[in-house]
Amino acid sequence: MVVVPLNQPGGGAVISHTDVTERKRAEVNAQRSRQELAHFTRVSTMGALAASLAHELNQPLAAILSNAQAGRRFLDAARPDLGEIRSILSDIAADDKRAGEVIKRLRELFRKGTTEVVLLDLNVLIRDVVKLLGSDTLIRRVRMHLDIAAEPLIVAGDRIQLQQVVLNLLVNAMDAMADCPTEERVVFVQTELCDGQTARVAVRDAGPGILAGQHDLLFEPFYTTKPTGMGMGLSISRSIIEAHGGLIWATNNPVFGATFSFAMPIGNGTAT
Amino acid sequence: MSPNGARIIVVDDDISVRRALSRLLISAGYQVQTFESVRDLLMNGALGRAACLIVDVRMPGPGALELQENLSQENPSQVPGPIPIIFITGNPDAPTAVKAMKAGAVDFLLKPFSEEELFGAVEQALALRRASSDQGRLARRRR
């Protein structure tokens, strides 16, 4: 129970029964980490552009510096050519604007995006992510088996965030099989429509499976079994899926390996 | 420093960089000729009168590396040797720099560079040019 006195001449107080501060804070945190993740993904793809941006910035910077130094030298002459100095100054101003434009474009690329919910087909999203991983699966000598539901699985969600979840589950599955013989390295991806209102996605690996008693820890932040892992992937995935009104869980397979699944409600409408 | 009006050629696809470099070199007493591309330079036939080249690494079409290769292949035993080249770039990458220096580039300047860096490189290029010209005269006299 929380009592907040009112700062009024007449006195009085507001008494409330449920303190939602913590819950709200947690919601805000989850939202923020999802956005940061999506942002991070974008930033890493932008890394490739860094070189070309450096070039675009260094051109005007070089011109500005040479112009300024030339201008100073011209001023030292016995009879400075003011016309030339005037055109130097205009060139400097123009190049400065040009550099500013580059920075502006840069800022737009790196701007943190907010959640954008659209209707999308999970089947298509999964196929796209698998395609994205194509060269990675080749290098790791992993085969991907897709068992995709015949009907579209339309859900309301943020495309980048859901891609991130699928990507995370697929990479985890491949990581889990790093020590397996090549012929056993198969990831099974299955999607299905359950009782007409829930989309379910399962990613099955043939790795060592989940250690006894670790099921609950898997989705905790900073829990990892990988030597170089951060332990953030599954916890962020869980916060994304839960924000989409879904569930994510892990089970061991009957023989070997583990299956990570998530389920979320089917949306009304057609994919955009 | 006495530039003695030595002729310097600047090749850069960026008009702003061309104008600025040209002004800076003129302010120090050099003669300058600028070109938008390596192709323009080669077609113009201005190379013969140049004491040194300042060429951008990355341009549409051939850049400084290609020009360097072209000049040294044209006449490998040429006396005086090929015109000294100063590489300039807005996006430095180590392999290109190593390749350029190995093939005899005078310097590899990263944009934005200061007048001290530029004039230092130019002086060095002109000294090289003078040394190889002297050798050339000696060689001719011996014949």
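For clarity, every value in this text was computed on a predicted model and none was experimentally measured. Both backbone and side-chain heavy atoms feed into the values below; hydrogens, waters and symmetry mates do not. Just so we're on the same page: letters track the sequence lines, and every chain starts at 1.
Not a single donor-acceptor pair under 3.5 Å links the side chain of Gln69(A) to the backbone N or O of Ser66(A). A donor-acceptor pair under 3.5 Å is absent between the side-chain atoms of Gln31(B) and the main chain of Ala6(B), judged by distance alone.
Contact count versus chain A (heavy atoms, under 4.5 Å) is highest, among Asp14(B), Val17(B), Leu21(B), Leu110(B), for Asp14(B).
Both the backbone and the side chain of Ser114(B) come within less than 4.5 Å of a heavy atom in chain A. Heavy atoms closer than 4.5 Å to chain B are found in both the backbone and the side chain of Ile88(A). Contact annotation for Leu65(A): only side-chain heavy atoms (C-beta onward) come within less than 4.5 Å of a heavy atom of chain B.
Taking a cutoff of 4.0 Å between a charged side-chain nitrogen and a carboxylate oxygen, Asp91(A) and Arg23(B) qualify as a salt bridge.
Aromatic ring pairs are classed by plane angle as parallel below 30°, tilted from 30° to 60° and perpendicular above 60°; the pair His145(A) and Phe188(A) is parallel.
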